[in-house]
Amino acid sequence: MPIQETEKSFNHKEIEKKIQDFWKKNNIYDEVNLLRGDGPKYSFLDGPPYCSGNIHLGTAWNKVIKDTHLRYKSMEGFNVRRQAGWDMHGLPIEHKVEELLNLKNKQEIEEKIGIDNFVNQCKDFACKHKNSMTEQFKSLGVWMDWKNPYMTLDPQYMESSWWTMQKAHEKDLLVNDLRVISWCPHCETALAAAEIDYEDKEDPSIYVKFPLKGEFLTNNSLKEYFLVWTTTPWTLPANLAISVNPDFKYSFVKKDDEILILASNLLETVLGPQIKIHKSKILNDNGEEEILEEKEELYEIVETVNGEKLLNLEYDYPLIHEIPKHTDFNQKFTNVHKILPGGHVELGEGTGLVHTAPGHGPDDFEMGKKYDLPIFSPVDESGVYTSEVGKYENKFVKSVNDLIIDDLKNKDLMYKHELINHRYGVCWRCKTPIIYLATKQWFLKVTEIKKEMLNQVSKVNWVPKWAGSGRFHDWVDNAKDWTISRQRYWGIPIPIWECSNCDNIDVIGSLSELKEKSLSKIDASDYELIHRPYVDSIEIECTCGSKMNRVPDVLDVWMDSGVAPWASLYYPQEKESFDEWYPYDFITEGHDQTRGWFYSQLGSGVISLDEAPYKKVLMHGFVLDEQGKKMSKSLGNVVSPEEVIEKYGADILRFYLLWANKPWEDIKFVWDELNNVKKMFNILWNVYVFSTTYMSLDNFNPDNCNENNIVLRDEDRWIISKANTLLRDVGDALNRLYFHDATRKINQFILEDLSRWYVRLIRGRTWVESDDPDKLGAYYSLYSALISLINALSPISPHITEEIYENLVKNVSNNFNQSIHMNNWEFSEEDINPELEEKMDYLRNIIDSVARARDSAKYKLRWPVSDITIVSQDSRILDAVNDLEDIIKDQSNTKNVLTAYEFEKLSFIAKPNLKTLGPRLKGDMGLVKNYLAKADGNLIKNELDDTGKFTIGLEGKLIELSNEDILFDTELPDDMTSAEFDGGNVFVNTKITPEILSEAMSRELIRRVQDMRKDMDLDVEANIHVIIKANNEFTNLVSSKEEIIINEIRANSIALTNEEICNSNFNDNDYYIKNWKIEEYELSIFIKR
RNA sequence: AGGCUAGUGGCACAGCUUGGUUAGCGCGCACGGCUGAUAACCGUGAGGUCCUGGGUUCGAAUCCCAGCUAGCCUACCA
């Protein structure tokens, strides 16, 4: 089958559907993998998207990057592992299900519908979304192993995470510890740092007076108070001390008959200016107005001491009557209700005296441990006060803020009560403000392996470099121990069994181990067994003889995905594929994953296998809206991938995402820019249509081309060189992950090299009938350039390239792959000719400037000129002109091309330089001026160039002029126009000779006939009969060119006449008739098929 | 508050590593041209405090410091 003529416009919807059906029907993805099965391995690990709903542009970009790189790698010959992954456990899904089932809290989950049911609902939810998201990714043309993805709810996968926990235990990196951690009172679970979002939020900001017990100042009898600032009044019931920085200065300030103690540096911030100036106008003795200033001292600094002096002072706990427990504390612990030294105290905000509640803040907790304060955290899992806080019992902590504020006001212990707007941590999913509680949790001791983690970070190849050396390094460097236990249901159960009798724990590493150790017979499936609630019921025996029960927690979901490197390969249950694919050559995710997946894999990797599981990481950016703001539902600026695919198609979206910016920077999503990309695709399609139009007409088959039947011109060798350079450069860019370089080079090639230049150069040759070797040379080169182009573009935009491949290759060649994506990434180093490419660059500049010159003289390109002269001092440019003279002749429509280092026909006009001569010559100035105006500038210039001076004899005086004294204007001869280009000038001879006029008129005529052919909607190859009616002058001008005209307009016959047409065979209705005016000539053209 | 990254005509980007003529390209805008790829193309023009302020240098969009804005990340704002 020959090459087929193509649809005139690019219909992305139709093509993409057709191609995706083709892939599906013929299992092309599997075929490609089969083809590369013996190739060298390239292992890639997909960062698992969370199955909570729809994909967005960010996830689309993520997958497009992966797909493009991996398609390239496959074409390079690699056997690529590209299993898709899904993150399916965790709180976000629990929340969605809670919402769906209208459940308010954990109690309702456990009692209303039961854990069993709840977990099943979560599973259904996750699977449903996994499926719909898979379809969305497929619609982008993303090729991954969608049939066998890794899923974090898969029992075999989960076993691998148990194995990692066991490894951690073996290395003594697993601890159960009482610590203050961030807690979500809605989800009733611990949260890791990675699960906290920050939002602006309004909170109370109160300054509380803590009465000093006894007195510090001896010289007065006023009551003294420590002034303490807090934004969380609800933590005051757990206040056990006040921290000060011993190095700071603290002042005792007298105000309103009491003494306040606070940091000296913060006096003005907290208390306001010390002095108020009252101004009043009075009349003085002279009757003039005068301003009288009176100073009022608003407070008085009575004493200033070092913080050290305050240490160990005691205060009366303000809520002692409300909370009796504090009396106990005060009696049992020496440091309770005292001033203690704390390095964490700063002067940025507050008063320099810090409320310290060891149960409600990590720093406070450290203080508590250091000074032997009780870790008092009288709040339960749902954020409700326990009975330990007397009056406030059974109330949700945040709701007590106002009550406490009132109580303090009633005791006159509130100095100031305001509101503050600040960033506050909230639960990443339910957005409930977090609270800090002291609880026992399980931790991985990351701080102990941090050094090795940093060592591993430095071994990884990061793109860009700073992602690893800066951002990720800093994050790991600051890492705290990782809280991995969650008091939830839908997740990987923590495989730790605790003895009810002794302290012993057992960490189970696999299902078989559990089955072996279980005291009861297990009849559940692996899936059931490894999930809650079934696994909760399994008891095993302790070495002490007692029963061990599982810790009821589940694992942090970040641990789920963190073990993906080996869990997706079911290691250590299965070892073979692990040996084949681990560690991974490449991963890529957005920069938010610094704290997420990059980190969780590194941590669990060092624990399990003593190394980072990835060798190369691309950290990519985010997709922002047009203004550069984050896309969010609340701002209403979210653009969905479906919307873009609907309007522009997946290929254009893919190209755009890889084109808009560097992959590691953020993309501003601008609709208008998609139009740009669309335009490029239209032009590509146009070139394709142009090619198929002629190639199908001539039944062109590239397989039949050989040295004997085709001739290649310079421009043919040039486009072939360019196309091979393109393949080389794009391949290099895709390999280095510089996708923007690849797309920009392709864009340049399509627009500049192929469409605007090469097609323009060969237009005339395609119009030739018969199997002319010169025409076939153009076809062959155009074909070859197109094939290189679609190969280079295929990893980026896989549909349109497949479509073109179907027609241009599969329809004609005997030797083809079933899909373009099975092709090898091949180019010919031999065909790359940098010298020729450089010469063509010069040529384009020159030809553009000829067009400019003609334009400025209003001399149409359609009219030939007898000669143009290229002037340059650069011999490379002149060589290029001489070598590629024919192209200039053709494109500039000139009979001759001349070259020169200097343009001799240029005449010079000498002018006096008034600046130098004026002062010197004074009155003689006029004489010189007149002389120069009449003189031959060229002679003067020659003289100056030769001798450096020019002497004039005037009225008996000799005046010597030097180079600076004379300025030259240049003047073009008549019938000459010029323009500059980068490296020289062109001079165009516009003199019209009879021969030129004859040609010009012929071409004008041809243009009109072509225009009419198009009006008539004739086929390109259709022949016509033409009659031209014009005056004798015109017919004389064109008659000598009759043969050329006939050929150009595909006429069977042409008749030139100056008379009315009135013979009997003539019928007006047979003809399409149009009247024209060309310059001063009026004519009528008659055309019939 | 700290870290990383970015800031270049109305819009989107290049140039910055290695300082050096007149800061480039595309879109948009204005004007003109072309017309067998034509919903395409070509030419000309207007439009720039290269985020701001300092510094280094003969010379800074480029190097250094400080600040502002945006994105991401982090933080014990008690």
Side-chain angles (χ1 to χ4, degrees), chain A residues 8-9 180 193-194 196 198 203 205 228-232 235 239 242-243 342 344-346 348-351 353-357 360-367 420 422-425 436 464 466-467 469-475 477-479 590-596 619 621-622 624 626-630 659-662 664-670 672-673 675-676 679-680 682-683 685-691 693-694 740 744 747-748 751 755-756 759-760 763 766-767 848-849 851-852 854-856 858 860-862 979 1006-1007 1009-1011 1013-1014 1018-1021 1048-1050:
Chain A
K8 294 289 179 214
S9 62
V180 168
I196 299 168
Y198 291 84
D203 268 321
S205 162
V228 171
W229 178 64
T230 182
T231 57
T232 50
T235 59
N239 170 279
I242 294 172
S243 303
H344 62 289
V345 178
E346 284 165 10
E349 275 171 309
T351 62
L353 292 110
V354 173
H355 154 53
T356 302
H360 291 313
D363 262 350
D364 311 51
F365 180 78
E366 292 305 316
M367 289 291 291
I420 187 177
H422 62 168
R423 304 272 289 169
Y424 195 86
Y436 285 94
W466 50 260
S469 59
R471 188 180 266 251
F472 194 52
H473 178 276
D474 292 353
W475 160 261
D477 201 24
N478 291 323
H591 42 43
D592 56 330
Q593 295 303 327
T594 311
R595 69 165 177 176
M619 186 191 77
F622 270 42
L624 310 175
E626 302 214 1
Q627 273 78 43
K629 296 255 189 257
K630 187 179 177 167
W659 174 75
N661 212 339
K662 301 169 187 95
W664 50 86
E665 280 173 16
D666 293 345
I667 288 180
K668 284 190 215 172
F669 186 85
V670 181
D672 208 35
E673 293 297 312
N675 282 329
N676 258 333
K679 212 161 127 181
M680 185 204 85
N682 274 331
I683 290 172
W685 192 258
N686 268 332
V687 174
Y688 169 57
V689 170
F690 171 83
S691 310
T693 304
Y694 292 101
H740 58 301
R744 286 165 197 191
N747 184 60
Q748 178 81 9
L751 263 50
S755 167
R756 290 179 192 159
V759 169
R760 180 172 145 192
R763 238 150 130 182
T766 59
W767 197 233
D848 282 350
S849 71
R852 253 195 322 273
R854 297 176 72 121
D855 193 62
S856 68
K858 299 271 172 250
K860 288 180 196 167
L861 188 59
R862 209 180 299 128
I1006 291 166
R1007 222 285 286 152
V1009 174
Q1010 301 290 33
D1011 197 70
R1013 284 184 65 115
K1014 211 172 135 196
L1018 291 183
D1019 281 343
V1020 170
E1021 73 274 25
E1048 287 289 319
I1049 63 177
R1050 296 214 173 192

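The figures that follow rest on heavy atoms only: side chains count, while hydrogens, waters and symmetry mates do not. Remember, it's a predicted structure, so these values are computed and weren't measured experimentally. First the proteins, then the strands, lettered A, B, ... as listed; each starts at 1.
Comparing B/A70 with B/A23, their C1' atoms sit 24 Å apart, to the nearest whole Å. B/G20 and B/C42 have their P atoms separated by 31 Å, with the value rounded to a whole Å. Nucleotides B/G26 and B/C4 place their C1' atoms 30 Å apart, quoted to the nearest Å. Across the C1' atoms, B/U74 and B/C29 are found 45 Å apart, a figure rounded to whole Å. Taking the C1' atom of each, B/A66 and B/G28 are spaced 37 Å apart, rounded to whole Å. Between the P atoms of B/C65 and B/G3, the separation comes to 12 Å (whole Å). B/A14 and B/C51 are spaced 13 Å apart, taking the P atom of each and rounding to whole Å. If you take atom C1' in B/G2 and the same atom in B/C58, they sit 39 Å apart, rounded to whole Å.
With ring centers used as reference points, A/Trp685 lies under 6.0 Å from A/Tyr688. Ring-centre distance between A/His473 and A/Trp466: not below the 6.0 Å cut-off.
Note on A/Phe669: nothing from the nucleic acid sits closer than 4.0 angstrom, heavy atoms only. Backbone-only engagement by A/Asp364 is indicated by non-hydrogen atom pairs under 4.0 Å involving sugar-phosphate atoms exclusively. A/Gly361 comes within 4.0 angstrom of no nucleic acid atom, judged by non-hydrogen atoms across all strands. Within 4.0 Å (heavy atoms only), A/Trp229 reaches at least one base atom of the nucleic acid. At the heavy-atom level, A/Asp672 lies under 4.0 Å from the strands shown only through sugar-phosphate atoms. Here A/Thr230 lies in heavy-atom contact (under 4.0 Å) with sugar-phosphate atoms only.
One can find a donor-acceptor pair under 3.5 Å joining the base of B/A37 and the side-chain atoms of A/Ser755. A donor-acceptor contact under 3.5 Å is formed by the side chain of A/Arg763 with the base of B/U38.
For A/Trp475, the listed nucleotide lying nearest its side chain is B/C73; candidates were B/C41, B/A37, B/C73. Closest contact between the side chain of A/Asp592 and the listed nucleotides B/C41, B/C73, B/C27 involves B/C73.
Under the Watson-Crick and G-U wobble criteria, each requiring two contacts below 3.5 Å, nucleotide B/A66 is paired to B/U52. Pairing of B/U44, defined by two Watson-Crick or G-U wobble distances under 3.5 Å, is identified with B/A30.
Aromatic ring pairs are classed by plane angle as parallel below 30°, tilted from 30° to 60° and perpendicular above 60°; the pair A/His740 and A/Trp664 is perpendicular.
The CD1 atom of A/Ile242 sits 8.5 Å away from atom OG1 of A/Thr351, with the distance rounded to the nearest 0.5 Å.
For A/Asp848, the salt bridge (charged side-chain N to carboxylate O under 4.0 Å, His left out) criterion is met by no residue, not counting sequence neighbours. Listed by chain and residue number, A/Glu1004 satisfy the salt bridge (charged side-chain N to carboxylate O under 4.0 Å, His left out) test with A/Arg862 (two or more places apart in sequence, or in another chain).
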Can you give me the N/O atom pairs linking the protein to nucleotides 12-18 of chain B at distances under 3.5 Å, or say none if there are none?
{"from": "B/A12", "atom 1": "OP1", "to": "A/Lys668", "atom 2": "NZ", "distance (Å)": "3.2"}
{"from": "B/C13", "atom 1": "O2'", "to": "A/Arg744", "atom 2": "NH1", "distance (Å)": "3.3"}
{"from": "B/A14", "atom 1": "OP1", "to": "A/Lys662", "atom 2": "NZ", "distance (Å)": "2.5"}

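Residues A/His355 and A/Asp364 bring no donor and acceptor atom of their side chains to less than 3.5 Å of each other.
When the side-chain nitrogen and oxygen atoms of A/Lys679 are compared with OP1 and OP2 of B/C27, one or more of them lie within a distance under 4.0 Å. The side chain of A/Arg760 contributes no N or O atom lying less than 4.0 Å from OP1 or OP2 of B/C41. Neither OP1 nor OP2 of B/C34 sits under 4.0 Å from any side-chain N or O of A/Arg1007. Between A/Arg471 and B/U5 there is no side-chain N or O to OP1 or OP2 distance below 4.0 Å. Phosphate contact (OP1/OP2 of B/U35, side-chain N/O of A/Arg862, threshold under 4.0 Å): present.
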Original post:
Step by step, would you call A/Thr232 with A/His360 a side chain to side chain donor-acceptor pair (under 3.5 Å)?
Top reply: CA-CA 10 Å; A/Thr232 50; A/His360 291 313; over 6 Å; no
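Atom NZ of A/Lys630 has 12 or fewer heavy atoms from other residues, nucleotides or ligands within 6.0 Å.
If you take CE of A/Met619 and P of B/G71, they are 16 Å apart, rounded to a whole angstrom.
Judged by closest nucleotide on RNA chain B, A/Lys630 is the one of A/Lys630 and A/Thr356 placed further toward the 5' end.
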